[in-house]
Undergrad: 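Quick one: the structure is below, and I'll ask about it shortly.
Reckoned from all heavy atoms, side chains included, excluding hydrogens, waters and symmetry mates.
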Amino acid sequence: MQKFDAIRPFYDAEVNEALRASVNHPMMKALMNFSFPDQADEVWKEQLLKTHSIRDFQCNFIYQSLQKVLEKTSDGLSTSGFDKLEKNTSYLFISNHRDIILDTSLLNGALFDHGLVMTASAIGDNLVRKSFLRTLSKLNRNFIVQRGLPPRELLESSKLMSEYIRQLLRRENRSVWIAQREGRTKDGNDATHSGVLKMLAMGSDEANLMDYFRKIKVVPVSISYEYDPTDALKMPQLMAEANNEIYIKEKNEDFMTLLSGIMGQKKHIHIHIGDVLKTEIDQIERENDNTNKQIQALAQAIDDSILSSYKLWPTNYIAYDLLYKTNEYAAYYTENEKQLFERRLDLKIDQTNPILLEGFLNMYANPVVNKRKYQNAV
């Protein structure tokens, strides 16, 4: 067994065998019938069996699935900042995290559209416990993040992952996507956890840590959805936290959230690519000689980029005005948009529960609160 076998995606030489083993799986049939509704099963099966690389699988199949998701569950994807990226160049994309599958899938679709290097992407092992999902994730160039380990094993796992990420970026010229924190943001407050950066730092082969972060080209990514299709599903966890209770997931909860994220209505979606953090890292190095302080400062620089470039939607402004009982942002939404949002509140949560109501509104309002720290939130 090779060093990274437990966590890596398939090698291209393994792709065709994995597809042959999965071609008749009912979930593969459902995915392909959704993606190619006018094709007979024999047609896509024949094409799958001719596929011998991850890139071909992504471009010929998953890209079509993504276009169908956008067509059926959104009012479209807009992007900005991709013109700053260079072709045939790998980057470490550190992103806020709202949806289990779509955050990375949409980024990779946009990278493909712009002729840029697509990513290997981190995914928690809790999300791929079903064997077909694990196979699909490895076909889609996901690498596994092992969750819930005891301290010693967690350290070993983090070291292994950091070394794998270094290999991807420095030796394979493969971009990498990783979330700024473990798990999705539930309350709309996007914040980079220093533990993610400390894990990445474990892979450094430089005497000076900031030299390593310069060389792997850190790029903050901001993704925003007008409607979060999993908003109501996040409420039980927020309620438990509000009551200082330990939240225990239901069986299959991650899988149901995954499906809801893909198939639920999102309206508009935007991805913004920030600048490569070079001048920021230069400044961090000048001002901090302590490694922990450097990592804290780097986390802040990532946050500054993500929060200041976050695309706000009418839903964000409506939630802010409802939460703070103001009309400050009334010019940024219509009465009809407000009624639609209030209708969603009625359908999704019990508004007589003040904790639920505040939690739901905060989820949409907090991006406005955060952007106000940098500029007027318009």
Side-chain angles (χ1 to χ4, degrees), residues 5 7-77 99-115 118-144 174 177 225 229-230 233 251-267 269:
D5 281 359
I7 63 170
R8 66 169 175 81
F10 289 126
Y11 294 133
D12 282 345
E14 299 167 329
V15 165
N16 190 256
E17 183 183 343
L19 287 170
R20 287 181 181 278
S22 306
V23 69
N24 293 313
H25 194 286
M27 288 178 77
M28 182 67 85
K29 176 176 166 59
L31 175 63
M32 293 301 154
N33 289 164
F34 171 79
S35 307
F36 303 99
D38 302 322
Q39 269 188 19
D41 288 1
E42 291 71 27
V43 177
W44 59 257
K45 283 184 179 181
E46 184 182 351
Q47 291 304 312
L48 264 186
L49 296 177
K50 290 178 182 174
T51 300
H52 290 267
S53 73
I54 287 180
R55 182 176 176 83
D56 283 351
F57 179 70
Q58 287 184 309
C59 297
N60 297 331
F61 297 96
I62 297 302
Y63 184 81
Q64 300 308 316
S65 308
L66 185 63
Q67 299 312 306
K68 280 292 178 194
V69 169
L70 287 172
E71 176 192 320
K72 291 179 176 291
T73 72
S74 82
D75 290 344
L77 169 70
D99 186 86
I100 294 167
I101 297 297
L102 283 182
D103 291 355
T104 51
S105 300
L106 292 168
L107 173 64
N108 274 315
L111 289 169
F112 175 68
D113 286 339
H114 288 84
M118 292 190 287
T119 71
S121 304
I123 190 167
D125 63 356
N126 56 306
L127 304 172
V128 290
R129 295 220 168 98
K130 294 178 186 292
S131 61
F132 175 78
L133 291 181
R134 196 175 190 92
T135 297
L136 189 62
S137 73
K138 293 174 74 172
L139 285 166
N140 213 25
R141 203 175 265 116
N142 290 119
F143 58 91
I144 303 297
R174 171 62 58 193
W177 176 95
Y225 300 82
T230 63
L233 297 176
K251 187 185 177 188
N252 283 334
E253 181 174 330
D254 287 325
F255 181 62
M256 296 310 298
T257 300
L258 183 153
L259 286 181
S260 298
I262 294 170
M263 298 311 301
Q265 180 54 235
K266 304 149 197 67
K267 292 202 78 174
I269 311 164

Undergrad: Just do the side chain to side chain contact (heavy atoms under 4.5 Å, CB included) check on D113 and Y63 with the steps written out, would you?
TA: CA-CA 10 Å; D113 286 339; Y63 184 81; 2.6 Å; yes

Undergrad: Whether the side chain of S105 engages the backbone of L102 through a donor-acceptor N/O pair (distance < 3.5 Å, no angle test) should be reported.
TA: no

Undergrad: Hey, are K45 and N24 close enough side-chain-wise for a donor-acceptor pair under 3.5 Å?
TA: yes

Undergrad: Would a 4.5 Å heavy-atom cut-off, applied to side chains only, mark R134 and K130 as touching?
TA: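 No - every pair of side-chain heavy atoms lies 4.5 Å or more apart.
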
Undergrad: Kindly compute the distance separating CG (L136) from CD1 (I62), expressed to the nearest 0.5 Å.
TA: 5.5 Å

Undergrad: Given side chains that start at C-beta, do those of F34 and M263 come closer than 4.5 Å, heavy atoms only?
TA: yes

Undergrad: Write down the atom of L111, the atom of M118, and the distance for their closest heavy-atom approach.
TA: CD1-CA, 4.0 Å

Undergrad: Check step by step if side chain to side chain contact (heavy atoms under 4.5 Å, CB included) holds for R55 and F112.
TA: CA-CA 10 Å; R55 182 176 176 83; F112 175 68; 3.8 Å; yes

Undergrad: Taking all non-hydrogen atoms of both residues into account, name the closest pair between K29 and D41 and its distance.
TA: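 The pair with the smallest heavy-atom distance is NZ-OD2, 2.6 Å.
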
Undergrad: Under 3.5 Å, is there a donor-acceptor pair between the side chain of E17 and the main chain of L19?
TA: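 A pair under 3.5 Å: no.
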
Undergrad: Quick one: does E14's side chain get under 4.5 Å of P9's, heavy atoms only?
TA: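 In short, these two side chains do not touch, never coming nearer than 4.5 Å.
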
Undergrad: Taking atom types as modelled, find out whether T51 and D56 have a side-chain donor-acceptor pair closer than 3.5 angstrom.
TA: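 Side chains of T51 and D56: no pair found under 3.5 Å.
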
Undergrad: Please report the closest heavy-atom contact between L106 and Y225, naming both atoms and the distance.
TA: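 That closest heavy-atom pairing would be CD1-OH, 3.7 Å.
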
Undergrad: Relative to each other, are the rings of F61 and F36 parallel, tilted or perpendicular (30° and 60° limits)?
TA: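 It falls in the perpendicular class, over 60°.
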
Undergrad: Distance under 6.0 Å and angle within 45° of the ring axis: does R8 meet both against Y11?
TA: yes

Undergrad: For the side chain of N108 and the backbone of T119, is there at least one donor-acceptor N/O pair under 3.5 Å apart?
TA: yes

Undergrad: Hey, mind stepping through S74 and K266 against side chain to side chain donor-acceptor pair (under 3.5 Å) and telling me if it holds?
TA: CA-CA 5 Å; S74 82; K266 304 149 197 67; over 6 Å; no

Undergrad: Could you tell me if N140 and Q58 have a donor-acceptor pair between their side chains, going purely by distance under 3.5 Å?
TA: yes

Undergrad: Do you know which two heavy atoms are closest between S65 and S35, and how far apart they sit?
TA: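 Closest approach of S65 to S35: OG-OG, 2.6 Å.
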
Undergrad: Kindly give the heavy-atom pair with the smallest separation between S22 and F132, and that separation in Å.
TA: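 Heavy-atom minimum between the residues: CB-CE1, 4.1 Å.
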
Undergrad: For E71, which residues count as a salt bridge (Lys or Arg N to Asp or Glu O under 4.0 Å) partner, sequence neighbours excluded?
TA: K68

Undergrad: Is there side-chain contact between D75 and K267, with heavy atoms separated by less than 4.5 Å?
TA: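 Heavy-atom side-chain distance check passes, below 4.5 Å.
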
Undergrad: Of all heavy-atom pairs between L139 and A18, which one has the smallest distance, and what is that distance?
TA: CD2-CB, 4.2 Å

Undergrad: Got a second to check how far N60's CG is from K50's NZ, nearest 0.5 Å?
TA: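 One finds 11.5 Å between CG of N60 and NZ of K50.
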
Undergrad: Once rounded to the nearest 0.5 Å, what's the spacing between atom CD of Q47 and atom CD of E42?
TA: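 Those atoms lie 13.0 Å apart.
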
Undergrad: When you measure from the side chain of N16 to the backbone of L49, do you find a donor-acceptor pair of N or O atoms at a distance under 3.5 Å?
TA: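 Yes, N16 side chain to L49 backbone: donor-acceptor pair under 3.5 Å.
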
Undergrad: Going from CD1 on I54 to SG on C59, what distance comes out if it is rounded to the nearest 0.5 angstrom?
TA: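 Separation between the atoms: 11.5 Å.
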
Undergrad: How far apart are the C-alpha atoms of W44 and L31, what are their side-chain angles, what is the distance that settles it, and do they pass the side chain to side chain contact (heavy atoms under 4.5 Å, CB included) test?
TA: CA-CA 11 Å; W44 59 257; L31 175 63; over 6 Å; no

Undergrad: Give, for atom CD1 of I123 and atom CG of N142, the distance between the pair rounded to the nearest 0.5 Å.
TA: 4.5 Å

Undergrad: Within the side chain of K72, is there an N or O that forms a donor-acceptor pair under 3.5 Å with the backbone of L70?
TA: no

Undergrad: So T135 and F10, side chain to side chain contact (heavy atoms under 4.5 Å, CB included) or not? Walk me through it.
TA: CA-CA 9 Å; T135 297; F10 289 126; 4.0 Å; yes

Undergrad: Would you tell me whether S121 and T104 have side-chain atoms, one donor and one acceptor, within less than 3.5 Å of each other?
TA: no

Undergrad: Between W177 and L107, is any pair of side-chain heavy atoms under 4.5 Å apart?
TA: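 Sidechains of L107 and W177: in contact.
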
